[in-house]
K.L.:
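If you scroll down you'll find the structure; I have some questions about it.
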Amino acid sequence: MAQLWGGRFEKNTDEEVFAFNASITFDKRLLDVDIAGSKAHAAMLEKQGVITAEENEAIQNGLDGILADTRSGKLAVTEEYEDVHSFVEANLTERIGEPGKKLHTGRSRNDQVALDMRLYVRDRVDETDGLLYTLLETVHSVMEQHTETILPGFTHLQKAQPVTLAHHFGAYFEMFRRDRDRLRDIRKRMNESPLGSGALAGTTYPLDREMTAKALGFDAPMRNSMDGVSDRDYLVEFLSALSMVMMHLSRFSEEVILWNSDEYKFVEIDDAYSTGSSIMPQKKNPDIAELVRGKTGRVYGALMSLLVTMKGLPLAYNKDMQEDKELAFDAMDTAAACVHLFTGMLATMTFHESRMNASAKGGFTNATDLADYLVGKGVPFRDAHGIVGRVVLQCIDEGKAIDDMTLGQLQEFSDRIDKDVYEAIALETCVNRRTTDGAPGKEVMEKVLRCNRDYLDTNRPKG
Ligand code: ARG
């Protein structure tokens, strides 16, 4: 047990209490940002005349040494310390002696941990943004190749109207683009520095909070020190954005699972992204998609957990807030792995155009277009709807598609039907006549693809 406090105590901490209270097992991943924050703090203390230039130099070198040694494996972050902050301070003092004890001047672990989490989360926001960008690139390239691949669009999981694969994937492009927008918003709002908030009420030292904020890439210092140490809104926002990413991935996964089934066979997941069965030799399972769908609950769980943790906390810092880490870290790791693996699965997936086309043909997806054709010939829509309904009934009876009926057969339902009907209800016509903004028609789709390309070119991730 190596602790930062003790003067006021007459007894040692009970061992179980120490272990229960400690966070080092999970906050050690904040080591890099903790050191970055300490370096900025020390440099500022020097500039403000709180410590000397020599002291600052010793601190900078000592902190660099800790980073280098932990990276090389020479120094291990061990559990005898309560948290990563104690580990760094104790090691620093061991290395450089007296100046190490001055690092914590004008600082509390409360603003330190608030800073560390913000720096760490900011990096993870950027990382997620980059992963989503790669996913969008992949979705875009599938779209480019499939502006003419027709498949049924579904409502109620029943075949509805023909769309193209580019159009279907285009829906996901929009979702993931919005997900990136959300990250950008969050990043902007969260990019203020809590450092210098002290325990809760600022400090009596002449800290230059602008200086540390700038050194650490923040837009400004936070305006209220009590808020500085106790705000976790940004983390709730990030977990909420990640939940939304997972919701989108999960819906996409569900479709991949269905489409990869023997019944649909619209797609085939690559061997490298599938798994087998220990007993059934014929099986090739879509485990990755299923796991992405399954792990969604885990990310939602982290969001709910943090919301509940925060709801009853009086200002300012409370130890409950230490619970902001484990599940949030898990959610970030989970979402990042899911976006990455899902992208790989998509990039290597085979699309069976002929299966999609046959499915669209077989499901009366052109029934609305036949009704629209009749409307074009002067039949009121409601009557046209009834006529086509009866045509479909007979088709079902005969096991045929509407296109397979002879002109004579069709004319028994309406004398307005002429031989131009076949062209009008061909799947290609159904799709390509849908030229309103947002529809699957080839012309509009190509316009969308150009816009999306432009978006990808002008909104590359940082770094
Ligand atoms: N491990 C703590 C956390 O994650 C660090 C802050 C501790 N502050 C304190 N006054 N006990 O929140």
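Side chains are part of it too, since the values below use all heavy atoms of this structure and drop only hydrogens, waters and symmetry mates. In each ligand, atom 1 is the first atom listed, and ligand 1 is the first ligand listed. Along the sequence shown, the residues carry numbers beginning at 1. Since we're looking at a predicted model, the values are computed, not measured.
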K.L.:
Among all residues two or more places apart in sequence or in another chain, which pass the side chain to side chain donor-acceptor pair (under 3.5 Å) test with D457?
P.N.:
R453, R460
K.L.:
Could you point out which residue of D116, D333, D83 forms a salt bridge (Lys or Arg N to Asp or Glu O under 4.0 Å) with R29?
P.N.:
D333
K.L.:
Aromatic rings Y120 and F329: how do their planes relate, parallel, tilted or perpendicular, breaks at 30° and 60°?
P.N.:
perpendicular
K.L.:
Which residues pass the ring pair (Phe, Tyr, Trp, His ring centres under 6.0 Å) test with F351, not counting sequence neighbours?
P.N.:
H146, F169
K.L.:
Write 'none' if nothing qualifies; otherwise put on separate lines each N/O atom of ligand 1 with a protein N/O atom under 3.5 Å away and their distance to 0.1 Å.
P.N.:
from, atom 1, to, atom 2, distance (Å)
ligand 1, 1 (N), S23, OG, 3.0
ligand 1, 1 (N), Q322, OE1, 2.7
ligand 1, 4 (O), K325, NZ, 2.5
ligand 1, 8 (N), N110, OD1, 3.0
ligand 1, 10 (N), N110, OD1, 3.1
ligand 1, 12 (O), Y317, OH, 2.4

K.L.:
Can you name the side chain to side chain donor-acceptor pair (under 3.5 Å) partners of D111, sequence neighbours left out?
P.N.:
none
K.L.:
Report yes or no: is the cationic atom of R124 (NZ for Lys, CZ for Arg) closer than 6.0 Å to the six-membered ring centre of F238, at no more than 45° off its axis?
P.N.:
no
